[in-house]
Undergrad: 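Pasting a structure here, questions to come.
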Amino acid sequence: MSLSVLSSEEVLQRILSQPRPGGENFLAFYEHRLGGICRDPRLLLIPLDDHLVHRGDGAFETLRYSRDVMYRPEKHLERLRRSAAGIGIAPPLPWEEIIPVILSVAGAGGEPEGLVRVLLSRGPGGFGIDPAECPEAGLYVVAYRSPTPPDEWYRAGIKGARTSIAAKGGGMAKIKTASYLSNVLMIKEAHEKGADVPLSYDERGFLAESAVASVLLVDKAGTVLVPESDAILPATTVSRALELAGPDLPRQKRALIEADVFAAAEILLLGTGPDCVGITAYEGRPVGAGVEGPVCRKLRRLIVEDAVTHGTPIPKV
């Protein structure tokens with residue numbers, strides 16, 4: 001096999017001529033080195049020597065927007081700052097400028113609904129492991145399509161299964177790191193078992209979370225059971241949902257085991273993507289009545305209403 005050495009112009013031409021899988025769902029992106037926004041999915045690229053690529057060295061957040069407003073961007077930025085501090089990365093622009101960038105990228109996408117992924121990386125500089133070889137961090141912001149599921153999907157709920165992969169423990173559980181291989185394998189295992197989402201447990205056997213969302217239980221008395229474990233990422237959606245529900249919804253935070261999961265009247269999955277959806281079957285057994293329960297329905301309604309009334313407007317770009 002004989003390979004030719006391509007000129008810069010030939011490389012760019014070939015990049016632009018390649019098909020882009022998933023490009024139909026891409027809306028817009030920002031890359032700090034470019035200093036602007038692009039809508040061409042063929043140019044959604046990242047340097048191979050960025051430590052985000054070959055080391056998973058970075059942090060990220062995902063934000064939802066709907067009806068041209070973004071839900072709680074300041075809370076996601078707070079968590080990104082904590083994650084960045086935990087791994088010693090400073091962004092390449094001031095923190096106060098990042099939310100305007102996020103809103104501008106969503107606005108440039110030209111659609112009223114979608115998700116925004118914010119990636120803060122160690123940056124390019126080499127293929128070693130030492131962070132010192134990266135002179136400047138990288139910041140990537142991407143808006144992409146993610147339509148709200150229909151009501152029928154929420155009413156039916158989703159299937160859950162126990163994953164054999166232990167949840168992250170220690171300090172790494174509190175950082176939303178870009179290194180998500182264990183989460184990927186959790187999802188893979190759940191799908192192989194015929195389920196939609198995994199439920200993970202920590203090394204002591206206590207319920208932790210799902211691969212990309214938080215988990216709550218509701219017992220037969222209607223009390224919300226909040227899992228307590230060192231392997232749980234602080235969740236923005238859970239804290240806000242319980243705050244919105246107020247004191248009328250009883251709750252208890254404690255360590256939960258799988259027996260509590262099997263005994264639950266409802267299992268709730270909460271996160272930026274689904275808001276709040278019920279896991280209506282677990283390990284092949286129905287949960288409660290096998291359909292969306294009243295607490296799930298209430299929390300989802302509160303989250304959606306809160307997003308509409310308190311969301312941050314997205315500018316037209």
Side-chain angles (χ1 to χ4, degrees), residues 1-65 70 80 89 91-93 98 101-129 133-149 176-188 191-192 211-212 272-273 314 316-317:
M1 182 178 180
S2 177
L3 295 175
S4 58
V5 177
L6 304 175
S7 67
S8 300
E9 292 75 16
E10 288 172 317
V11 170
L12 182 59
Q13 185 179 35
R14 292 193 183 191
I15 287 174
L16 293 174
S17 67
Q18 294 297 311
R20 188 63 166 83
E24 67 279 4
N25 294 317
F26 164 86
L27 297 173
F29 78 92
Y30 163 91
E31 211 262 76
H32 80 282
R33 296 176 307 161
L34 304 178
I37 298 171
C38 179
R39 297 189 180 100
D40 190 339
R42 298 171 299 176
L43 297 174
L44 182 61
L45 306 171
I46 185 170
L48 288 177
D49 64 335
D50 192 314
H51 282 213
L52 184 75
V53 176
H54 62 87
R55 299 294 178 188
D57 189 1
F60 79 98
E61 282 290 326
T62 305
L63 302 87
R64 172 169 287 283
Y65 60 98
M70 185 164 289
L80 183 63
I89 294 180
L93 68 164
I98 294 180
V101 168
I102 293 169
L103 295 172
S104 295
V105 171
E111 297 192 5
E113 177 180 58
L115 291 176
V116 173
R117 177 68 49 81
V118 183
L119 291 154
L120 179 60
S121 79
R122 188 72 63 185
F127 289 98
I129 197 168
E133 72 178 10
C134 306
E136 183 182 47
L139 180 66
Y140 310 93
V141 181
V142 185
Y144 54 99
R145 290 188 178 93
S146 180
T148 300
K176 202 170 176 67
T177 171
S179 180
Y180 251 46
L181 181 58
S182 60
N183 307 66
V184 169
L185 295 177
M186 287 179 189
I187 284 285
K188 180 177 181 292
H191 290 173
E192 289 170 350
V212 293
T272 298
I314 293 173
K316 299 297 182 184
V317 176

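Quick caveat: nothing in here was measured; it's all calculated off a predicted structure.
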Undergrad: Got a donor-acceptor contact below 3.5 angstrom from the His54 side chain to the Gly126 backbone?
TA: yes

Undergrad: Closer than 3.5 angstrom, by distance alone: can the side chain of Asp50 be matched with the main-chain N or O of Gly123 as a donor-acceptor pair?
TA: yes

Undergrad: Tell me the closest heavy-atom pair linking Ala28 and Gly109, and the distance in Å.
TA: CB-N, 4.0 Å

Undergrad: Distance from Leu52 atom CG to Ile89 atom CD1, nearest 0.5 Å?
TA: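 So the gap between those two atoms works out to 8.5 Å.
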
Undergrad: Within the structure provided, determine whether Val118 and Tyr30 are in side-chain contact (heavy-atom separation under 4.5 Å).
TA: no

Undergrad: Please give me the minimum heavy-atom distance between Gly125 and Asp49, naming the atom from each residue.
TA: N-OD2, 3.2 Å

Undergrad: How long is the span from the CD atom in Glu113 to the CG atom in Leu27, to the nearest 0.5 Å?
TA: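 One finds 10.5 Å between CD of Glu113 and CG of Leu27.
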
Undergrad: Is there a donor-acceptor pair closer than 3.5 Å between any side-chain N or O of Glu133 and the backbone N or O of Phe127?
TA: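 It does hold such a pair.
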
Undergrad: Looking at every heavy atom in both Pro47 and Val53, which two are closest together, and how far apart are they?
TA: O-CG2, 3.5 Å

Undergrad: Mind checking whether Val142 and Val116 have side chains closer than 4.5 Å, heavy atoms only?
TA: no

Undergrad: Taking it one step at a time, do Ile37 and Val141 satisfy side chain to side chain contact (heavy atoms under 4.5 Å, CB included)?
TA: CA-CA 9 Å; Ile37 298 171; Val141 181; over 6 Å; no

Undergrad: Side chains of Pro91 and Ile98: closer than 4.5 Å at any heavy-atom pair?
TA: yes

Undergrad: Is any side-chain heavy atom of Ile314 closer than 4.5 Å to one of Ser104?
TA: no

Undergrad: Side chains of Met70 and Arg64, heavy atoms from C-beta outward: is any pair under 4.5 Å?
TA: no

Undergrad: Out of curiosity, Thr272 OG1 to Tyr65 OH, how far, rounded to the nearest 0.5 Å?
TA: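 If we round to the nearest 0.5 Å, Thr272:OG1 and Tyr65:OH are 13.5 Å apart.
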
Undergrad: When rounded to the nearest 0.5 angstrom, what distance separates OG in Ser182 from CD1 in Ile187?
TA: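 Here the rounded value is 11.0 Å.
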
Undergrad: Do you know which two heavy atoms are closest between Leu120 and Ala137, and how far apart they sit?
TA: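 Minimum heavy-atom separation between Leu120 and Ala137: CD1-CB, 4.4 Å.
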
Undergrad: For residues Thr62 and Arg117, is any side-chain donor paired with an opposing acceptor at under 3.5 Å?
TA: yes

Undergrad: State the CG-CE distance between Leu181 and Met186, to the nearest 0.5 angstrom.
TA: 10.0 Å

Undergrad: Does a salt bridge link Glu10 with Arg14, judged by any charged N lying under 4.0 Å from a carboxylate O?
TA: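 No, this pair does not count.
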
Undergrad: Applying side chain to side chain contact (heavy atoms under 4.5 Å, CB included) to Asp40 and Leu16, what does each step give before you reach the verdict?
TA: CA-CA 9 Å; Asp40 190 339; Leu16 293 174; 4.2 Å; yes

Undergrad: For the atom pair CD (Glu31) and CD1 (Ile46), what is the distance rounded to the nearest 0.5 Å?
TA: 7.5 Å

Undergrad: So, do Leu119 and Glu61 sit near enough that their side-chain heavy atoms are less than 4.5 Å apart?
TA: no

Undergrad: Output yes when a side-chain donor or acceptor of Arg122 lies under 3.5 Å from a complementary backbone atom of His51, and no otherwise.
TA: no

Undergrad: Short question: side chain of His32, backbone of Leu139 - any donor-acceptor pair under 3.5 Å?
TA: yes

Undergrad: Please walk me through it: do Ile15 and Leu45 pass side chain to side chain contact (heavy atoms under 4.5 Å, CB included)?
TA: CA-CA 10 Å; Ile15 287 174; Leu45 306 171; 4.2 Å; yes

Undergrad: To check you understand the geometry: which heavy-atom pair defines the closest contact between Gly128 and Arg55, and what is its length?
TA: O-NE, 3.1 Å

Undergrad: State, with a plain yes or no, whether a side-chain heavy atom of Ser7 is found less than 4.5 Å away from one of Gln13.
TA: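 No, their side chains stay 4.5 Å or more apart.
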
Undergrad: Using a strict cut-off of less than 4.0 Å between a Lys/Arg side-chain nitrogen and an Asp/Glu carboxylate oxygen, indicate whether Arg145 and Glu111 qualify as a salt bridge.
TA: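 A salt bridge is present here (some side-chain N lies under 4.0 Å from a carboxylate O).
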
Undergrad: For the residue pair Tyr140 and Phe60, is the inter-centroid distance of their aromatic rings smaller than 6.0 Å?
TA: no

